[in-house]
Amino acid sequence: MSYWLMKSEPDVFGIDDLERVRVEPWEGVRNYQARNMMRDEMQEGDLAFFYHSNCKVPGIVGILRIVRAGYPDDSAWDPEHTYHDPRSTPDNPRWYRVDVGFERKFRDVIPLADLKAAPALSDMPLVRRGNRLSIMPVTEAQWEFILSMAD
DNA sequence: GCCAACGTTGGC
DNA sequence: GCCAACGTTGGC
């Protein structure tokens with residue numbers, strides 16, 4: 001079992017949306033590194049921090065669980081869809097997604113500024129300048145440390 | 001809204 | 001295969 005961090009813009013889909021719907025396909029990822037992790041590495045039962053990006057206080061807001069491992073993202077071959085990519089077809093899918101389930105919402109957001117200030121987290125891609133990966137692995141030590149910052 | 005950093009595309 | 005142009009991400 002592995003740990004992850006997954007970013008989403010709360011204006012588009014935030015932790016409250018996930019709490020409401022309980023399970024959601026994590027579709028629309030159009031980045032190869034992130035795709036590879038969803039397609040090849042994420043397993044059912046894995047846990048991930050839910051990160052809010054592009055908002056007033058960016059940071060970690062809760063925990064989600066991978067409830068279905070990687071499978072083709074069919075929004076890519078729907079011409080009507082925002083995430084349409086004509087290069088992806090059912091026979092040769094280019095993009096993948098996982099299904100995520102709501103696990104827990106922290107009482108308070110753990111702000112990016114606090115994560116950046118923690119020496120224990122200095123290796124996380126999240127706090128490295130210019131990193132834009134929307135899905136990244138989290139080590140067990142980082143996971144435990146961040147959990148200790150919550151609530 | 002600005003803009004730095006980065007990934008992708010496409011001409012050559 | 002190089003690299004300039006372009007689009008996107010995402011903090012601030």
Side-chain angles (χ1 to χ4, degrees), chain A residues 2-21 24-42 46-66 69-100 102-139 141-143 145-151:
Chain A
S2 307
Y3 297 109
W4 306 92
L5 180 144
M6 301 172 78
K7 296 182 186 173
S8 183
E9 302 188 17
D11 288 349
V12 179
F13 186 82
I15 187 96
D16 292 333
D17 298 305
L18 182 60
E19 183 170 20
R20 184 164 39 77
V21 299
E24 177 79 0
W26 202 265
E27 66 182 16
V29 173
R30 300 291 180 264
N31 168 279
Y32 290 104
Q33 260 184 287
R35 179 215 51 194
N36 292 347
M37 287 185 269
M38 289 198 294
R39 187 188 59 186
D40 306 332
E41 297 179 48
M42 282 187 166
D46 285 359
L47 295 173
F49 287 125
F50 197 129
Y51 179 90
H52 279 179
S53 67
N54 220 342
C55 55
K56 198 163 184 182
V57 183
I60 294 172
V61 292
I63 295 174
L64 56 80
R65 182 180 296 274
I66 308 303
Y71 64 102
D73 182 352
D74 62 22
S75 68
W77 56 73
D78 176 359
E80 303 298 313
H81 205 284
T82 322
Y83 298 131
H84 179 231
D85 181 350
R87 300 166 303 181
S88 186
T89 65
D91 286 345
N92 189 16
R94 177 177 296 233
W95 304 113
Y96 282 71
R97 67 185 176 208
V98 296
D99 289 351
V100 304
F102 177 80
E103 192 73 15
R104 144 165 205 224
K105 180 185 175 183
F106 296 150
R107 192 177 312 134
D108 303 302
V109 58
I110 305 174
L112 177 62
D114 291 2
L115 300 168
K116 280 183 169 170
L121 304 177
S122 60
D123 286 338
M124 285 189 81
L126 183 71
V127 303
R128 305 293 270 258
R129 198 168 63 111
N131 192 283
R132 305 183 314 180
L133 256 191
S134 65
I135 297 179
M136 69 189 72
V138 173
T139 69
Q142 291 162 349
W143 182 270
F145 186 86
I146 292 168
L147 268 190
S148 77
M149 299 172 77
D151 291 347

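The sequence lines fix the lettering, A, B, ..., with proteins before strands; numbering per chain opens at 1.
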- prompt: Taking the six-membered ring for Trp, are A:Y83 and A:W95 ring centroids under 6.0 Å apart?
  reply: no

- request: Scan A:R30 against the nucleic acid and name what it touches under 4.0 Å (heavy atoms): base, sugar-phosphate only, or nothing.
  value: nothing

message: For A:R97, is there an ion pair with A:D74 - N to carboxylate O distance below 4.0 angstrom?
response: yes

query: Thinking salt bridges, do A:R94 and A:D73 make one under a 4.0 Å N-O criterion?
result: no

- request: State, without any angle test, whether A:D99 and A:Y71 hold a side-chain donor-acceptor pair at a distance under 3.5 Å.
  value: yes

statement: 5' to 3', nucleotides 5-12 of chain C under a 4.0 Å protein heavy-atom cut-off (B base, S sugar-phosphate only, - none) gives --BBBBSS

Please report, to 0.1 Å, the donor-acceptor pairs under 3.5 Å made by any side chain of residues 124-135 of chain A, with sequence neighbours excluded.
| from | atom 1 | to | atom 2 | distance (Å) |
| --- | --- | --- | --- | --- |
| A:R128 | NH1 | A:S122 | O | 3.2 |
| A:N131 | OD1 | A:L133 | N | 2.9 |

query: Want to settle it: does A:R129 or A:R87 sit nearer the 5' end of DNA chain B, counting the closest nucleotide to each?
result: A:R129

